[in-house]
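These numbers come from a predicted model, not from an experiment.
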Amino acid sequence: MMEYAIAIAVAVLLLTGAFFAFAAALGILRLPDLYTRMHAASKAGTVGSGLLLFAAGIESAEPSVFARAVAGFVFFILTAPVAAHLLARAAHKTGYRLSAPSVRDDLLERKDC
């Protein structure tokens, strides 16, 4: 009975992680500018990869593999949003403009950017 519960949990994590990874890929293809594409890649990609790592860690049934999966997820959480922020800031400093549907650019008013 316990094996079925684990299998269902792994299946749900895999499907949800695959959905978020697909949403990130779709966002990269469909969103209008660099800033919104990076947002999709960093947020949805991090959640998708984290859920897939959790599924792999649970399915392995080994504590060392699960601990590595958790460490990988923490690494994603700490690095992906920071990297996206720094890339967006560098793009803004070099003059890459927002797309037309964007409402406002908060960094234009700041002098220290």
Side-chain angles (χ1 to χ4, degrees):
M1 187 65 171
M2 188 64 170
E3 294 86 20
Y4 292 122
I6 291 173
I8 289 171
V10 167
V12 167
L13 286 172
L14 284 173
L15 289 173
T16 308
F19 171 76
F20 276 102
F22 178 72
L26 194 62
I28 291 171
L29 291 175
R30 300 283 299 168
L31 291 172
D33 64 359
L34 173 84
Y35 305 108
T36 54
R37 288 181 195 138
M38 282 194 316
H39 180 76
S42 67
K43 303 300 185 265
T46 300
V47 172
S49 62
L51 292 175
L52 293 172
L53 274 172
F54 277 139
I58 292 171
E59 180 60 30
S60 73
E62 293 183 24
S64 64
V65 175
F66 183 74
R68 282 185 233 145
V70 170
F73 181 62
V74 169
F75 179 76
F76 280 140
I77 291 289
L78 294 176
T79 58
V82 173
H85 172 76
L86 291 175
L87 285 170
R89 187 174 167 122
H92 192 272
K93 280 188 173 189
T94 59
Y96 192 89
R97 295 282 176 209
L98 297 170
S99 64
S102 296
V103 177
R104 71 176 197 216
D105 186 358
D106 288 336
L107 290 178
L108 280 180
E109 292 97 30
R110 293 186 56 183
K111 301 293 184 210
D112 61 343
C113 297

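Taking Ile, Leu, Val, Met, Phe, Trp and Tyr as members and joining any whose side-chain heavy atoms lie under 4.5 Å apart, directly or through other members, Tyr4 forms no hydrophobic cluster with any other residue. Val82 shares a hydrophobic cluster with Leu86; the chain of contacts runs through ILVMFWY side chains whose heavy atoms sit under 4.5 Å apart. Apart from Phe22 itself, the hydrophobic cluster it occupies contains Leu26, where clustering links Ile, Leu, Val, Met, Phe, Trp and Tyr at side-chain heavy-atom distances under 4.5 Å.
Between Pro81 and Lys43, the shortest heavy-atom contact is CB-NZ, 4.2 Å. Between Leu53 and Gly72, the shortest heavy-atom distance links the atoms CD1-C, 3.9 Å. The two atoms that bring Ala24 and Ala44 nearest to each other are CB-CB, 3.8 Å, heavy atoms only.
Every residue meeting the side-chain hydrogen bond (donor to acceptor under 3.5 Å, both in side chains) condition with Thr36, not counting sequence neighbours, appears here in chain and number order: Asp33. Qualifying side chain to side chain contact (heavy atoms under 4.5 Å, CB included) partners for Glu62, counting only residues two or more places apart in sequence or in other chains: Ser60, Ser64, Val65. Every residue meeting the side chain to side chain contact (heavy atoms under 4.5 Å, CB included) condition with Ala40, not counting sequence neighbours, appears here in chain and number order: Leu31. Listed by chain and residue number, Phe20, Leu51 satisfy the side chain to side chain contact (heavy atoms under 4.5 Å, CB included) test with Val47 (two or more places apart in sequence, or in another chain). Qualifying side chain to side chain contact (heavy atoms under 4.5 Å, CB included) partners for Ile28, counting only residues two or more places apart in sequence or in other chains: Ala41.
If you chain together hydrophobic residues whose side chains sit under 4.5 Å apart, Ile6 and Leu13 fall into the same group.
Residue pairs meeting the ring pair (Phe, Tyr, Trp, His ring centres under 6.0 Å) criterion with at least one partner in residues 23-81, sequence neighbours excluded, are Tyr35-Tyr96, Phe54-Phe73.
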Would Leu14 and Leu52 count as a side chain to side chain contact (heavy atoms under 4.5 Å, CB included) here? Give the steps. CA-CA 6 Å; Leu14 284 173; Leu52 293 172; 3.7 Å; yes
